[in-house]
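Proteins come first, then strands; the chains are lettered A, B, ... in the order of their sequence lines, and each starts at number 1. Note: hydrogens, waters and symmetry copies are ignored here, and every other heavy atom, side chains too, is used.
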Amino acid sequence: MINSIRGFNDILPPETYIWQHIEKEAREIFETYGFSEIRVPLVERTGLFSRSIGETTDIVEKEMYTFLDKGGESITLRPEGTAPVVRAYIEHKLYASDPVAKLYYLGPMFRYERPQKGRFRQFYQIGAEAFGIDDPMIDAETLEMLVSLFQRLKLEGVTLNINSLGCKECRPLYKEKLINFLKDKKPSLCQDCQRRFEINPLRALDCKSKTCIELTSLAPSLLDSICEGCKTHFEKVKEHLSLYKIDFHLNPRMVRGLDYYVRTTFEITAEGLGSQNAVAAGGRYDGLVKDIGGPDVPGFGFAIGMERLVMLVKGQRQEAEGMGQGLVFMAMLGEKAEKAAIPLMKTLRSNGIRLERDYGSKSIRSQMRRADKLGAKIVLILGDDELASHSITVKDMESGEQEKVPFEKVEEKIRALLTERQKVMSKQ
RNA sequence: GUGGGCGUAGCUCAGCGGUUAGAGCAUCGGACUGUGGCUCCGAGGGUCGGGGGUUCAAAUCCCCUCGUCCACCCCA
């Protein structure tokens, strides 16, 4: 048997209905905040990612699906969405026609990692990027958009963590301070932090090891060390979050792994996700557009981990009723009925009614069972009696009531029953 | 890349040296010949992950291997 590749998963019904539900809500909300969809390729030149994400990050060093195409060029399956969107933004000179561009995307990303709970080699993200706005109001407003999506999806137990990483000016100064502080403690740090000390000392701040937490407890604070400009920016972000009535947790030790983040960064964590508990994260990336060869345009964006979000939505038991939603089942008895039903089925379907049937001339009993299993709301029964009176029996599966309806009134009857049901559902 | 758990029917699992490998759920059919859910009856479905070894005898013990899950690293 040929099976799928490790970390590359199939998403089957009915779970696909949850995906569709989330995607629909995300699109609707993002559009109301002025974002438009952009679609970018899954594959880019390798250099785009190494330059933007950072040469020494884990993503670039060991997690990219990189290979040579037939022309000998090194190409890479996108490990994240921001870099390709920035590339497209620059390539099509979107800044030329409008100083502001607000874009969202959704689709698969690829990272060569060991799969675990909430982590896969092909995984899906929904992301949004706002270009051209320095003002911290966009940081707060974009966060509010994300939070309202999660509210619409009825998520519980989620926490918004925010921090400021400073900018290209003040962060290096803090890094020096931290290195000086940690220098003599290095031998006592855990193995990982000793390695971090060399690559990215800030990471030692959010180490999980007890001894490291103790050792770094007196470390100079990042938030106290950032420059005035960064401080003012961050204060305004917090102020506006409060104006939006958004609860947040200030986490001065939260460090993001991608090199391009500056100033505001955040992470939304959730209970029940396992060890990989961030369902969305992002931040400001002023300077990235310039680094990739565009003008010096600021940016703010985030990405949602789709599989993780699906886990949460499932956990809240809001399985979108997809499969049986508005479903009508056609039960036919005998060859004559099977033929006579064809024009009706064709009409109903072309008018947008979901209609399923059975094949192979099964017994009425068997057909009813199948209708029930599929969650059909209505069953249409066509047999000799109905044929004789040019009518159809319409049965409401919920109440069990049924009545004979003339052929030309069938659709009207179905619609009446379906809308009646929807009213009942929306009242709940 | 590192560490640990688990691989037996479609799914969840029992069996842990001894007839022909089981259960529940699911599937299909019947009881009910034109009416679903409940109940009862029956049927189909297995290279016991793969390979090698020990043994009169292996799903069961040993070795190797593959897969999967969880965790570390890192990240959404």
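Between A/L202 and A/R171 the shortest heavy-atom distance is CD1-CD, 4.0 Å.
Applying the Watson-Crick and G-U wobble criteria (two distances, each under 3.5 Å), B/A58 pairs with nothing in any strand. Across all strands shown, B/G17 forms no Watson-Crick or G-U wobble pair with both distances under 3.5 Å. When both pairing distances are held under 3.5 Å, B/C40 makes a Watson-Crick or G-U pair with B/G30. Across every strand in view, B/U12 sits in a pair with B/A23 that passes the Watson-Crick or G-U test at under 3.5 angstrom. Nucleotide B/G3: paired with B/C70 (Watson-Crick or G-U wobble, both distances less than 3.5 Å).
Between A/R119 and A/R114 the shortest side-chain heavy-atom distance does not fall below 4.5 Å.
Note: CZ (A/R369) to C1' (B/G37) measures 10 Å, nearest angstrom. A/D206 places its CG atom 13 Å from the P atom of B/C72, with the value rounded to the nearest Å. Here B/A76 presents its P atom at 12 Å from CG of A/N277, a figure rounded to the nearest Å. As a whole-Å value, the separation of A/N3 CG from B/G49 P is 16 Å. Regarding A/M368, its CE atom lies at a distance of 15 Å from the P atom of B/G30, rounded to whole Å. Counting to the nearest Å, the P atom of B/C28 and the OH atom of A/Y359 are 15 Å from each other. Residue A/R370 contributes atom CZ, which lies 11 Å from atom C1' of B/U27 at whole-angstrom precision. What separates CD of A/Q367 from C1' of B/G37 is a distance of 17 Å, to the nearest Å.
Taking the P atoms as reference points, B/C61 lies 23 Å from B/A23, given to the whole Å. For the P atoms, the distance linking B/U39 with B/C25 amounts to 9 Å, nearest Å. Using P as the reference atom, B/A57 and B/G52 are 15 Å apart when rounded to the nearest Å. Here, B/G44 and B/G49 have their C1' atoms 24 Å apart, quoted to the whole Å. Rounded to a whole angstrom, the distance from the C1' atom of B/C74 to that of B/A59 is 39 Å. Nucleotides B/G50 and B/A21 place their P atoms 15 Å apart, quoted to the nearest Å. One P atom belongs to B/G7, the other to B/A43, and the distance between them is 29 Å to the nearest Å. Nucleotides B/C66 and B/U27 have their C1' atoms positioned 30 Å apart, rounded to a whole Å.
Counting any heavy atom pair closer than 4.0 Å across all strands shown, A/E113 reaches a base atom. A/F120 comes within 4.0 angstrom of a nucleotide base, judged by non-hydrogen atoms across all strands. Among the protein residues, A/G118 comes within range of the nucleic acid bases, having at least one heavy atom under 4.0 Å from a base atom. Within the nucleic acid shown, A/E386 comes within 4.0 Å of at least one base atom, counting heavy atoms only. Counting any heavy atom pair closer than 4.0 Å across all strands shown, A/A281 reaches sugar-phosphate atoms only and no base atom. Across all strands shown, A/G127 has no heavy atoms under 4.0 Å from either base or sugar-phosphate atoms. Nucleic acid contact class of A/I304 (heavy atoms, under 4.0 Å, all strands): none. Across all strands, A/K395 comes closer than 4.0 Å to base atoms (heavy-atom distances).
Dashed line: the shortest gap from a side-chain N or O of A/Q276 to OP1 or OP2 of B/C72 is under 4.0 Å. Considering only side-chain N and O atoms, A/Q125 lies nowhere under 4.0 angstrom from the phosphate OP1 or OP2 of B/A76. For A/S363, no side-chain nitrogen or oxygen approaches OP1 or OP2 of B/G34 to under 4.0 Å.
For A/R365, whose side chain is taken as the heavy atoms from C-beta onward, the closest listed nucleotide among B/A76, B/C74, B/G36 is B/G36. Relative to the side chain of A/Q402, the nucleotides B/A71, B/U35, B/G37 differ in distance, and B/U35 lies closest. In the set B/A71, B/C69, B/G34, B/G34 carries the atom at the smallest distance from any side-chain atom of A/I381. The side chain of A/D372 approaches B/G37 more closely than any other nucleotide in the set B/C28, B/G29, B/G37. The listed nucleotides are B/C73, B/A71, B/C69; the one nearest the side chain of A/S275 is B/A71. The listed nucleotides are B/A76, B/G34, B/A31; the one nearest the side chain of A/T393 is B/G34. With B/G29, B/C72, B/G34 as the choices, the nucleotide that has an atom nearest any side-chain atom of A/S366 turns out to be B/G29. Side chain of A/R114, nearest nucleotide from B/G36, B/G1, B/A76: B/G1. Distance from the side chain of A/E307 is smallest to B/A76 among B/A76, B/C72, B/G67. When distances are taken from the side chain of A/R195 to each of B/A76, B/G37, B/C73, the shortest belongs to B/C73.
Under 4.0 Å is where a charged nitrogen must lie from a carboxylate oxygen, and between A/D372 and A/R369 no such pair does. Ion pairing between a basic and an acidic side chain is recognised when a charged N comes within 4.0 Å of a carboxylate O; A/R27 and A/E37 show such pairing.
Ring centroids of A/Y285 and A/Y261 are separated by 6.0 Å or more, keeping the two rings apart.
Side-chain contact check for A/E338 and A/S361: at least one donor-acceptor pair (N or O, by modelled atom type) lies under 3.5 Å. In summary, the side chains of A/Y244 and A/E141 do present a donor paired with an acceptor at a separation below 3.5 Å, with no hydrogens or angles considered.
Closest-nucleotide positions on RNA chain B for A/C207 and A/G305 were compared, and the one nearer the 5' end corresponds to A/C207. Each of A/K404 and A/R256 was matched to the nucleotide of RNA chain B holding its nearest heavy atom; the match closer to the 5' end belongs to A/K404.
Screening A/F30, A/F35, A/Y33 for a ring-ring contact (aromatic ring centres under 6.0 Å, His included) involving A/Y104 leaves a single residue, A/F30.
Side-chain atoms of A/R119 and base atoms of B/C74 include a donor and an acceptor less than 3.5 Å apart. Checked by distance alone, A/E63 brings no side-chain donor or acceptor within 3.5 Å of a matching partner on the base of B/C74.
Between the side chain of A/R121 and the backbone N or O of A/E113, at least one donor-acceptor pair lies under 3.5 Å.
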